[in-house]
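Input: a single structure, listed below in structure tokens.
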Amino acid sequence: MKRLAINGGKQAVRGKLPSIRDKSGREIGDEELRLVTEVVKSGTLSFLYGEKVKKFEADFASLYGVKYAVATSSGTAALHTAVNFINVNPGDEIITSAITDMGTVIAILCQNAIPIFADVDLDTQTIDPEDIKRKITDRTKAIIVVHLYGHPCGMDPIMQIAKEKQLAVVEDCAQALLTEYKGEKAGTIGNVGCFSFQQSKHITTGDGGIVITNNDEAFGKKLRLCADKGWPRQLYRDHLFLAPNYHMTELQAAVGIAQLTKLKRAVDSRRKNVALLTSLIKDVKDIVLPVEKSWAFHTYLYYCIRVNTNEFEVTTSDLAKALTSEGIEAYPGYLPYPIYRYDLLQKTYGTSECPYSCSKYGKRSGYNEGLCPNAERICKETLFLSWNEKYTEDNIQDIATGIRKVAEYYHK
Ligand SMILES: *Cc1c(COP(=O)(O)O)cnc(C)c1O
């Protein structure tokens with residue numbers, strides 16, 4: 001058996017893998033520079049007077065075939081804008097996935113709504129429609145689905161439930177640029193779609209986000225107000241309801257316009273790389289490789305492996321450490337435990353226990369262990385690998401060698 005790098009052996013990865021942290025794994029170059037230079041030279045950095053945010057929004061809306069797109073300062077801002085847009089009241093319940101980025105949950109809490117967590121499907125790790133049904137109460141107002149890692153949620157049953165119970169559906173597409181469900185783009189199936197352009201996503205503006213909707217005109221216009229202090233920007237200063245300032249700047253949008261033209265190529269390359277890696281390690285024992293359901297177009301922001309931990313001498317935490325020593329950035333789980341187990345869920349506003357303790361709600365939060373068994377199991381069994389469109393064939397061969405070496409070494 002080959003000596004692991006963690007025990008002083010030779011590292012599986014020759015050189016360094018491309019990374020989302022810098023230009024090794026990001027496609028940022030002349031076109032971004034040219035557009036940013038235009039903005040700087042113009043002296044107009046705000047969306048109010050410039051053309052770049054308008055163009056970025058128009059390009060995105062056209063790519064997605066939707067009527068309205070509002071660019072925001074982050075994915076979290078996009079989600080909060082969406083939660084504001086769908087008219088939830090303080091104390092309303094919003095059902096979301098037990099495995100997601102905290103941005104999804106922050107968006108709910110910042111509108112004083114109550115996050116309720118549904119369990120996930122073991123194969124795709126996306127929200128389980130059956131558990132959504134079980135979690136619905138007379139206070140449920142909306143569902144935020146999360147297309148995790150780039151794989152879409154099973155939208156037909158979710159939209160069916162939403163229709164029956166008259167719930168709004170927000171799609172968190174922060175990890176799912178160009179993801180499709182049955183040939184339809186994720187983000188255009190529910191009422192609102194939210195995206196992120198943070199540094200680690202498919203394309204980036206450093207930080208940034210966008211919200212899209214196909215709602216009717218009256219509603220569509222409201223979307224911008226939700227990211228612009230409720231300000232209709234007519235003759236005088238007016239503020240129609242409570243909303244933060246979540247504008248994207250012209251500088252971000254300049255980068256975004258150029259990045260958007262590279263998105264399809266990035267997704268194609270990520271898919272090709274995944275297919276190659278999967279073909280190289282599919283015979284490794286007791287690991288489950290990422291699935292793409294027959295109805296899905298997976299865009300692979302990450303490559304997540306589920307480990308049959310009973311068959312290994314060590315935990316996913318040790319496996320991740322060994323892989324990282326081989327030059328393959330890996331983590332035990334996307335999250336170490338489901339999102340409802342984080343302290344932030346309890347410690348929201350000072351010591352107040354708001355919004356749970358508010359008179360509009362008045363229940364203690366019940367985010368206890370055992371709430372979502374699949375999610376709890378997945379967090380213990382998942383090996384999370386960062387992924388990149390700039391991996392070469394040699395890189396993929398090395399990743400395969402590293403995974404095989406580590407898995408065989410620690411297998412019982
Ligand atoms: C990244 C991410 C967010 C938050 O986006 P930011 O731009 O980091 O605020 C929300 N949801 C999911 C699923 C994400 O991956």
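Numbering of ligands and ligand atoms starts at 1, following listing order. Position 1 is the first residue of the sequence; numbering continues from there.
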Proximity of Phe195 and Tyr64 rings by center, below 6.0 Å = yes
_Ring centroids only, cut at 6.0 angstrom: are Phe384 and Tyr334 within range, meaning strictly under it?_
yes
Give the residue and atom name of whichever protein heavy atom lies nearest to [atom], and the separation in Å to one decimal.
| atom | answer |
| --- | --- |
| atom 9 (O) of ligand 1 | Thr76 OG1, 2.6 Å |
| atom 11 (N) of ligand 1 | Asp172 OD2, 2.7 Å |
| atom 2 (C) of ligand 1 | Lys201 NZ, 2.7 Å |

Is the shortest N/O to N/O distance between Asp101 and ligand 1 below 3.5 Å?
no
Are any of the N/O atoms in Asp207 less than 3.5 Å from those in ligand 1?
-> no
ask   = Are Asp318 and Thr315 linked by a side-chain donor-acceptor pair shorter than 3.5 Å?
value = yes
Exercise. Does the side chain of Glu164 pick up a donor-acceptor pair with the side chain of Gln160 at under 3.5 Å?
Worked result: yes
Using a 4.0 Å cut-off to any heavy atom of [X], which atoms of ligand 1 qualify?
| X | answer |
| --- | --- |
| Thr104 | 11 (N) |
| Leu79 | 10 (C) |
| Val146 | 13 (C) |
| Gly75 | 5 (O), 6 (P), 7 (O), 9 (O) |
| Gln198 | 7 (O), 8 (O) |
| Thr100 | 13 (C) |
| Ser196 | 5 (O), 6 (P), 7 (O) |

Check whether Ser97 reaches the backbone of Thr126 with its side chain - one donor and one acceptor, N or O, closer than 3.5 Å.
no
*Any ion pair linking Glu38 and Arg34 (charged N to carboxylate O, less than 4.0 Å)?*
yes
Taking the basic N atoms (NZ, or NE/NH1/NH2) and the acidic carboxylate oxygens, is any pair closer than 4.0 Å for Glu57 and Lys54? no
Check for me whether Leu301 has a heavy atom closer than 4.0 Å to any atom of ligand 1.
no
- Does CZ in Arg21 sit with more than 12 non-hydrogen atoms of other residues, nucleotides or ligands closer than 6.0 Å? no
